[in-house]
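Below: the structure, in structure tokens.
Predicted, not measured: the structure shown is a model, and the values here were computed from it.
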Amino acid sequence: MPSKGWFNLESAGGMIPETQFFEGDSAFKFLGLTRTQRLYGFVGCLIIGFALSLLGSILLFLGQLGSFAVLYTIGIMVSLVGTGFVIGFASQFKLMFKPVRIIATIVFLGSVGLVFVGAFVLRNEVLCIIFVVIEYLAYTWYNLSYIPYARSAVLKLVGMS
């Protein structure tokens with residue numbers, strides 16, 4: 001029996017179009033997950049990723065630089081992996097390296113590495129924070145590329161367009 005909750009995508013029937021975000025190429029297709037379950041997985045990954053990043057940030061202020069770098073980065077990666085529930089890992093990987101996202105992807109992945117360099121090689125909290133800010137901005141810019149005209153709107157908002 002289908003659930004009658006307010007967030008039941010299956011009960012919407014034909015009202016929700018099959019878009020690229022719910023095509024059958026999800027990495028979890030073999031599990032037979034419904035749209036709702038896939039969306040729950042996506043949101044769950046976002047929440048877990050945010051919680052890990054927040055815990056890592058708290059550890060930074062407690063002076064545990066290495067734990068911060070590991071937890072913060074795992075949190076960001078869990079959030080990114082959550083899109084596998086929606087569009088699949090292979091599709092995500094291909095989309096990350098499309099021309100419109102390549103620079104944001106490279107800056108994001110590079111800053112992930114630099115957070116570890118700042119934490120474990122240089123042992124410098126200030127550099128770690130700078131690299132995390134760069135990582136967050138690149139991740140945000142990357143995500144904005146999926147929303148039509150979002151990048152243009154942000155550039156106008158900050159007066160760069």
Side-chain angles (χ1 to χ4, degrees), residues 2-13 15-60 64 66-119 128-154:
S3 77
K4 296 182 180 186
W6 64 272
F7 199 58
N8 185 3
L9 295 176
E10 278 73 30
S11 67
M15 292 181 2
I16 298 175
E18 283 287 333
T19 65
Q20 71 172 354
F21 298 114
F22 289 107
E23 289 177 358
D25 67 345
S26 169
F28 300 96
K29 181 181 177 184
F30 68 94
L31 295 175
L33 298 177
T34 64
R35 287 185 201 171
T36 303
Q37 291 167 330
R38 289 163 59 185
L39 194 56
Y40 285 159
F42 171 69
V43 171
C45 282
L46 288 180
I47 291 170
I48 291 168
F50 176 76
L52 288 171
S53 295
L54 183 62
L55 180 60
S57 298
I58 291 168
L59 289 175
L60 174 66
Q64 297 184 8
S67 298
F68 157 74
V70 171
L71 283 177
Y72 187 86
T73 301
I74 290 174
I76 288 285
M77 291 300 173
V78 167
S79 297
L80 188 62
V81 165
T83 57
F85 279 101
V86 181
I87 62 175
F89 294 119
S91 295
Q92 173 69 14
F93 190 75
K94 289 177 190 172
L95 290 172
M96 285 176 74
F97 291 97
K98 286 185 98 172
V100 70
R101 294 181 192 94
I102 187 90
I103 293 173
T105 299
I106 291 170
V107 170
F108 170 71
L109 295 175
S111 63
V112 167
L114 289 173
V115 168
F116 283 107
V117 169
C128 275
I129 292 171
I130 291 170
F131 295 145
V132 163
V133 168
I134 293 169
E135 181 180 330
Y136 180 76
L137 291 173
Y139 186 65
T140 302
W141 195 249
Y142 167 81
N143 284 319
L144 288 174
S145 72
Y146 286 99
I147 304 167
Y149 305 107
R151 285 180 167 182
S152 300
V154 169

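Ile147 contributes atom CD1, which lies 12.0 Å from atom OG of Ser152 (distance to the nearest 0.5 angstrom). One distance of note links CG of Leu109 with CE of Met77; it measures 6.0 Å at 0.5 Å rounding. We find the CD1-CD1 distance between Ile134 and Ile130 to be 7.0 Å, quoted to the nearest 0.5 Å. With values rounded to the nearest 0.5 angstrom, Phe42 atom CZ is found 8.5 Å from Ser79 atom OG.
More than 12 heavy atoms of other residues, nucleotides or ligands sit less than 6.0 Å from atom CZ of Phe97.
Within the 4.5 Å cutoff, side-chain heavy atoms of Leu60 are placed close to those of Ile129. Proximity of Leu39 to Phe85: side-chain heavy atoms (C-beta onward) are nowhere separated by under 4.5 Å. Side-chain contact between Trp141 and Ile103: absent, with no pair of heavy atoms (C-beta onward) separated by less than 4.5 Å.
In this structure a side-chain-to-backbone donor-acceptor pair under 3.5 Å is present from Ser111 to Phe108.
When all heavy atoms are compared, the tightest approach of Val115 to Cys128 is O-SG, 3.6 Å. Taking all atoms of both residues into account, the shortest heavy-atom contact from Ala69 to Phe116 is O-CZ, 4.0 Å. Listed here is the closest heavy atom pair of Val78 and Gly49: CG1-N, 3.9 Å. Minimum heavy-atom separation, Tyr72 to Glu135: CE2-OE2, 3.6 Å. Nearest heavy-atom pair, Ser53 versus Ile76, reported as atom, atom and distance to 0.1 Å: OG-N, 3.6 Å. The heavy-atom pair separating Thr105 from Met96 by the smallest distance is OG1-O, 2.7 Å.
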Practice task
Kindly determine whether Phe68 and Val132 satisfy side-chain contact (heavy atoms from CB on, under 4.5 Å), including the steps that lead there.
Solution key: CA-CA 11 Å; Phe68 157 74; Val132 163; 3.4 Å; yes

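Classification of the Tyr139-Tyr142 ring pair by plane angle, with boundaries at 30° and 60°, yields parallel.
The only member of Leu54, Ile47, Leu46, Ile48 that meets side chain to side chain contact (heavy atoms under 4.5 Å, CB included) when paired with Phe50 is Leu54.
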